[in-house]
Every structure is written in C-alpha cells, then in structure tokens.
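All remarks here apply to the structure that follows.
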Amino acid sequence: MRYSKLYLPTLKEAPKEAEMVSHQLLIRAGYIRKLSAGIYSFLPLGRRVVRRISTIIREEMDRAGAQEVLLPAVQPAELWKESGRWRFYGPELLRFKDRKDNEFCFGPTHEEVIVDLVRHELRSYRQLPVNLYQIQTKFRDEIRPRAGLMRGREFVMKDAYSFDLDEAGARCSYHQMVDAYNRIFRRCGLDFRAVEADTGNIGGSLSHEFQVLAHSGEDTIVSCSSCDYAANIEKAELTSSSGDAPASAVDGEPKLVSTPGKRTVDEVTAFLGISSDRLVKTLLYNVDGELVAALVRGDHELNEIKLKALLGANEIELAAEARVVEATGAPMGYAGPVGLSCPIVADQAVAAMSGFVVGANRGDHHLLEVCHGRDFSVSRYADLRLAVEGDRCPRCQTGTLAVFRGIEVGHVFFLGTKYSTAMNATVLDENGAEVPMVMGCYGIGVTRIMSAAIEQSHDADGIIWPLPIAPFQVVVLPLNSDQPDVVEAGLQIYEGLQARGVDVLLDDRAERPGRKFKDADLIGVPLRVTIGKRGLAEGHVECKSRGQAEIARVPVEGVVEWVLEQIERENSRFLQ
RNA sequence: CGGGGCGUAGCGCAGCCUGGUUAGCGCGCCUGCCUUGGGAGCAGGAGGUCGCCGGUUCGAAUCCGGCCGCCCCGACCA
C-alpha cells in the first residue's frame with residue numbers, strides 16, 4: 001500500500017475525550033473515529049487490525065473443529081421471551097419495534113438465535129458434537145461506555161456455541177476451546193492469563209476468562225507463585241490459614257468507648273491506637289429485601305460475589321443510609337454486631353479473632369474487647385473476603401497469590417442445559433430418550449483486543465504492534481522524495497517485499513523526514529526500512545524494529561531477506 | 001441513575017466572571033517561495049448556526065431557564 005493513497009488521518013494532538021492511552025493512540029494514529037458514545041468507525045488501518053485478529057481466530061476455531069456461521073444481528077423478542085431473558089436482561093438490551101409493531105432487539109449475544117437454529121436441525125446424538133461460531137457486531141447499551149474500544153456499546157465479537165449429548169462431551173468441547181483460546185491469544189502476541197471466573201448472569205458452573213495483563217485493566221486477577229492457579233479476584237477462594245485458628249471467647253465484657261466523629265476504619269484505629277486487624281467491620285446489606293450483616297476484619301475487603309453466593313441471593317446491595325440508621329439506631333459508621341437483630345454472617349478470618357473493636361450501634365461510640373459467641377452470635381462463617389497480595393494459594397497451599405490488573409478479552413462458559421431446556425433444544429440419545437443438549441459458549445472481544453494490545457505495548461511515540469496483528473508488517477521510508485535514486489530504491493524494496501507476500505506500507509509522500517518518522521512510530525508498524533541518500537550512496541539502508549533501538553545497516557539487495565527473517569522470527573515467538 | 005467537568009473553525013484551546021466594533025491563538029488545510037535524517041521557515045489565504053430552544057436587554061459566545069450531546073469517577077457489566 002502506498003501511503004499517498006491510504007486514508008490515514010493522523011493527529012498531532014489527542015482529542016480531549018480520550019483519556020486512556022489506547023483510546024488516544026487509536027484516534028491519533030487514524031485507526032478509529034467516534035460516531036457516538038461507545039460507537040466507532042474503523043478506518044482502513046483499524047479494519048486491517050480487526051481482520052488480522054479475526055483471521056487468527058478463524059484459523060484456530062477451524063482447527064479446533066468449529067464451523068463459522070453468520071447469524072442475524074436483529075433478533076425477535078419472542079426468542080428472548082422464550083429463554084426468559086427479555087425480562088431479565090434489562091436496559092442493556094437495545095429494543096425496538098418494526099413497522100408492524102413487532103418487538104425486536106439488536107443482539108448483545110446470540111444464545112437464543114443459535115439454539116433456535118440448532119433445535120430444528122439437530123435431532124440425534126449421532127449429529128453431535130457441534131460447535132458453531134461467528135464474528136460479528138454486537139450491541140450492548142452499556143451504562144457507561146468508556147475508553148474507546150475497551151468498553152464500547154457496539155463492538156465486534158467472536159462467539160461460539162458448542163452442543164454435546166452429555167456433560168462429559170461438553171467438558172471435552174470446553175477444554176478444546178480453552179486450548180484454542182490459548183493458541184489464539186498467544187498468536188496475537190499478547191501477554192495474558194487464563195483465570196478461573198465467576199459465571200455472572202449467564203449461569204453455568206465452569207468458566208474461565210482470558211485476561212491481558214495491563215496496569216490499566218479494569219479487572220483484578222490473582223495468580224499463584226508456585227502452581228498454575230489463577231483467578232479473577234471476584235472468584236478467588238481463600239482457605240483459612242493457620243493464623244485463622246478459631247479464637248475462644250475470653251471472660252469479661254465489651255467496653256464502651258467514645259470515638260467522636262470517627263467513622264472509618266482508618267479514623268477509628270488511628271484514634272484508638274490499634275492496628276486495623278484488631279477491628280471488625282460491620283457491613284449491612286440489603287439481600288433480596290432482607291437486611292443481613294456481614295463482618296470482615298478491618299484490613300480486609302468484603303467480596304460481594306462470595307456473599308451473594310453464600311446467601312443464595314438474586315440481588316444484594318449495600319443498605320442505604322436510612323436503613324442502616326433504622327437498624328442500628330446510630331448514624332453511618334457506628335454499626336456493630338452486638339445487639340443487632342438481623343442475621344449475621346462473618347468472614348472466616350473473623351472467627352480467629354477475639355477481643356476486637358466494633359461499632360457500638362450508638363453515635364460516636366465503639367466497643368472494645370468484643371468476642372463472638374459471647375457478645376453476639378454469627379449464623380455462618382465463610383470465605384467472604386477479597387484476596388490480597390500475599391494470601392496463601394487455595395489450590396497448592398504453598399505458594400502465595402500475586403495481584404495483577406487485567407483486560408478481559410475472552411470468556412468461556414460451560415453452560416449446561418440452561419438454554420436448551422428453556423428453549424426445548426433436545427436430541428434423542430442412544431436409548432431413544434429425548435435429552436436437552438449440553439452447551440458451552442465462548443466469546444472473544446475482537447475489537448477489545450486492539451485496545452488491550454496497545455495498552456500492553458506502546459511508548460511515548462505511539463503504538464508498538466505485535467507483528468501478527470499489525471496493520472502492516474513493514475513500513476518503507478524513502479526519506480528524500482526529491483532524490484530519484486532514493487525514490488527508486490524505495491520502490492524496488494516495496495515491490496520486492498510485495499512479491500514475497502509481505503504486507504508493506506510505502507511512505508511515498510513528499511513529506512519531510514521528521515514527519516515520516518513520527519507517523520511511522522505513531523501507527524506502530526513493527527518493522528521499518530529507512531532509505532536515506534547518504535546510506536544509499538554507500539549501498540545500504542537502515543532496518544529497525546519498532547520496539548527496539550538498534551538499527552541494522554543492510555545492503556539494499558538484502559532488505560527483503562532481512563524482513564522475511566524478522567517476520568519468521570517474530571511469528572515463531574508467537575507459535576504458528 | 002448519583003457526583004464532577006466540558007460543548008467557541010477539522011483538532012487542541014483563549015474569550016464568558018465584569019454583555020458592546022469585522023470572535024481570537026496554536027496545530028492542521030489551500031497558494032507561492034524555500035526546505036528535506038525526527039511533526040522546518042517566510043508570505044498570503046480559506047474556514048465559525050459560539051451545542052439547541054427560549055428568556056432578559058437597545059445589544060448575548062458572555063446573564064437566566066430548559067433541553068441535547070460528550071468526558072471522568074461511582075453503581076453496573078455474557
């Protein structure tokens with residue numbers, strides 16, 4: 001491709017709306033433009049990256065035995081009513097009516113459509129397993145779209161759905177997808193982790209997320225220092241360590257102490273001169289309408305997902321201030337378990353404590369030397385807190401957990417028969433019995449990968465694409481557009497590379513060198529061939545990798561080989 | 001939805017508080033000259049419903065009210 005013909009508007013300054021690096025660079029480097037909140041156009045460069053990523057995904061999905069389909073984006077409400085999600089999906093589902101007043105939605109996901117497709121055709125266990133996937137645009141009316149492609153409303157997603165006769169088969173399909181995903185993200189040149197994940201509202205029992213490691217990631221993940229355990233922090237289990245041995249109550253009774261104006265853990269512990277692990281936080285939750293108190297040690301954070309699971313609740317939220325005041329008889333900040341009438345659950349670490357500090361359910365007062373069992377009773381102890389750096393690994397019990405930030409680029413779910421049962425997608429098994437197919441679903445955020453790759457790989461000058469997903473593999477810069485020999489050499493190298501199947505961008509603009517360098521760095525093409533008149537006079541050009549400082553002087557006739565070698569080397573790094 | 005901020009040329013911004021000539025600046029764009037190893041220089045030029053609607057006023061980018069859009073934090077998120 002010749003730069004002079006490329007629709008590639010680059011910007012010197014980032015639009016103020018972009019805060020995150022990947023967002024700024026995607027706009028500045030001419031990959032995307034915003035149409036509306038969370039809705040973007042992809043310019044040629046952006047389109048190329050989407051295509052590169054999609055190609056890798058297709059190759060690996062096909063290799064894993066899945067087959068590509070293309071499903072409708074617009075879906076009739078009837079299907080969603082059948083699965084029950086028309087009611088449960090909420091405002092994130094973009095709904096509208098056609099001219100005949102029939103209800104539709106723009107698909108945020110395609111379980112309903114795929115089940116409908118398959119239930120009419122798959123009738124026998126002999127036809128299973130089947131795994132169908134598609135790559136297409138989804139729309140989710142996010143509460144708050146942000147960070148460009150990272151959390152858009154409209155986005156490109158690969159979604160796959162597997163159908164098996166039984167659970168064992170479905171598990172096999174699931175693990176095939178996990179393998180395929182590992183290959184896909186490795187081939188995309190991403191530094192990522194597969195982590196155990198919460199299944200959220202989609203349901204099911206087994207789930208993994210694929211998280212690209214980046215400081216700016218929205219998700220927090222933990223991974224073990226010695227075994228391969230890794231999990232989203234929402235999901236990370238904790239076992240009670242030896243330090244958490246149950247404490248026995250000592251004789252005595254709580255002491256009421258005045259703590260004027262001290263509400264937060266920090267304020268109270270500083271005021272009393274104690275460390276925060278000597279205090280127990282009392283959090284009042286509204287659990288499906290009922291009030292429940294949850295206790296965690298002062299230096300710990302409650303994990304709401306664990307609390308929700310423990311209580312088997314549909315909906316939990318921190319109780320509103322008025323409710324807290326009503327239940328405790330005290331202003332916010334002074335809640336405590338002693339004398340509370342609602343059920344009390346506590347983190348297992350609290351079980352190991354005795355003689356601790358809690359709120360007194362009285363304004364400006366706390367209680368010292370409180371013991372559970374003696375001063376109040378806990379209906380259940382459980383693992384309720386958020387994991388932190390250094391916690392013992394729940395799997396191997398020897399390693400410790402490290403905390404990372406991640407960007408979720410893929411998510412696989414073992415669905416079971418939730419949708420097949422709801423929508424009556426059954427086959428006959430070998431005994432002639434009608435059984436619901438066992439499903440799995442597997443998503444990859446194609447456009448989000450673009451953002452994630454940039455978050456992970458950029459510098460002050462711009463993007464540094466991993467070679468496998470770069471819009472071009474090489475950029476050729478003839479620096480002096482007024483020197484026929486320089487222009488001619490550039491053209492020869494360009495054509496030579498094209499002849500070998502290399503995706504090459506020739507900067508044939510009559511721009512000054514500085515601008516060509518700046519643009520090349522900004523758009524992030526991994527390999528660069530620079531042709532200057534002085535070097536050319538000596539028969540060489542300069543070859544460089546975007547992410548590295550070294551410049552190799554290569555004879556003009558050796559450039560094509562140099563590039564091919566680099567591509568070969570890069571690709572082998574990323575599997576293939 | 002709660003909190004905060006913003007909307008003036010393609011992009012980044014000033015002007016608004018304290019109303020008053022043709023609404024400025026930088027980048028980009030066009031023409032010419034010049035220049036060609038890290039976003040050059042000089043000269044000339046084009047480009048604006050000041051987000052929208054209404055109000056106050058002799059007069060509104062500026063003051064008031066309503067609405068819309070966008071960004072950030074939070075809640076939320078197969």
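The structure presented is a predicted model; accordingly, all values stated were derived computationally and were not measured. So you know, we letter chains A, B, ... as the sequences are listed, proteins then strands, and number each from 1.
- Rounded to a whole Å, the CD1 atom of A:Ile27 is 17 Å from the P atom of B:rG10.
- Residues satisfying the side chain to side chain contact (heavy atoms under 4.5 Å, CB included) criterion with A:Arg553, sequence neighbours excluded, are A:Glu538, A:His540.
- Between B:rU18 and B:rG28, the distance separating the two P atoms is 38 Å to the nearest Å.
- Counting heavy atoms from C-beta outward, A:Val388 and A:Val403 have side chains that stay 4.5 Å or more apart.
- Taking atom C1' in both B:rA9 and B:rG45, the straight-line distance is 14 Å, to the nearest Å.
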Under 3.5 Å donor-acceptor pairs involving side-chain atoms of residues 509-525 of chain A, not counting sequence neighbours:
unit_1: A:Arg509; atom_1: NE; unit_2: A:Asp507; atom_2: OD1; d: 2.9
unit_1: A:Arg509; atom_1: NH1; unit_2: A:Asp519; atom_2: OD2; d: 3.2
unit_1: A:Arg509; atom_1: NH2; unit_2: A:Asp507; atom_2: OD2; d: 2.9
unit_1: A:Arg509; atom_1: NH2; unit_2: A:Asp519; atom_2: OD2; d: 3.1
unit_1: A:Glu511; atom_1: OE1; unit_2: A:Arg515; atom_2: NE; d: 3.3
unit_1: A:Lys516; atom_1: NZ; unit_2: A:Pro478; atom_2: O; d: 2.8
unit_1: A:Lys516; atom_1: NZ; unit_2: A:Asp507; atom_2: O; d: 3.3
unit_1: A:Lys516; atom_1: NZ; unit_2: A:Arg509; atom_2: O; d: 2.9
unit_1: A:Asp519; atom_1: OD1; unit_2: A:Thr10; atom_2: OG1; d: 3.0

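- Residues satisfying the side chain to side chain contact (heavy atoms under 4.5 Å, CB included) criterion with A:Asp266, sequence neighbours excluded, are A:Thr264.
- Sequence order on RNA chain B of the closest nucleotides to A:Ala37 and A:Arg448 puts A:Ala37 first from the 5' end.
- The salt bridge (Lys or Arg N to Asp or Glu O under 4.0 Å) search around A:Asp141 returns A:Arg153, not counting sequence neighbours.
- The salt bridge (Lys or Arg N to Asp or Glu O under 4.0 Å) test applied to A:Asp485 returns no partner, not counting sequence neighbours.
- Here B:rG74 presents its C1' atom at 15 Å from CD of A:Glu142, a figure rounded to the nearest Å.
- When the P atom of B:rC76 is taken as reference, atom CZ of A:Phe88 falls 19 Å away, rounded to whole Å.
- In this entry the distance linking CD1 of A:Ile143 with C1' of B:rC72 reads 16 Å, nearest Å.
- By the side-chain hydrogen bond (donor to acceptor under 3.5 Å, both in side chains) test, A:Glu408 pairs with A:His411, sequence neighbours left out.
- Taking atom CD of residue A:Glu17 and atom C1' of nucleotide B:rG12, one finds them 12 Å apart after rounding to whole Å.
- Across residues 212-221 of chain A, not one residue has a non-hydrogen atom less than 4.0 Å from an atom of RNA chain B.
- Take A:Asp179 and apply the salt bridge (Lys or Arg N to Asp or Glu O under 4.0 Å) test, not counting sequence neighbours, and it matches no residue.
- Within the structure, side chain to side chain donor-acceptor pair (under 3.5 Å) contacts touching residues 70-84 of chain A (residues at least two apart or in different chains) are A:Gln75-A:Trp80, A:Gln75-A:His110, A:Lys81-A:Glu103, A:Glu82-A:Arg119, A:Ser83-A:Glu112.
- As rounded to whole Å, 15 Å separates atom P of B:rG10 from atom NZ of A:Lys34.
- Residues satisfying the side chain to side chain contact (heavy atoms under 4.5 Å, CB included) test with A:Ala230, not counting sequence neighbours, are A:Val195, A:Ser223.
- As judged by a 4.0 angstrom heavy-atom cut-off over every strand, A:Pro9 is placed among residues making no nucleic acid contact.
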- Which letters describe nucleotides 27-48 of chain B, given B = protein heavy atom under 4.0 Å from base, S = only from sugar-phosphate, - = neither? SS------BBBBBB--------
Please tabulate the protein-to-nucleotide N/O contacts below 3.5 Å involving nucleotides 3-9 of chain B, giving atom names and distances.
unit_1: B:rC6; atom_1: O2'; unit_2: A:Lys16; atom_2: NZ; d: 2.6

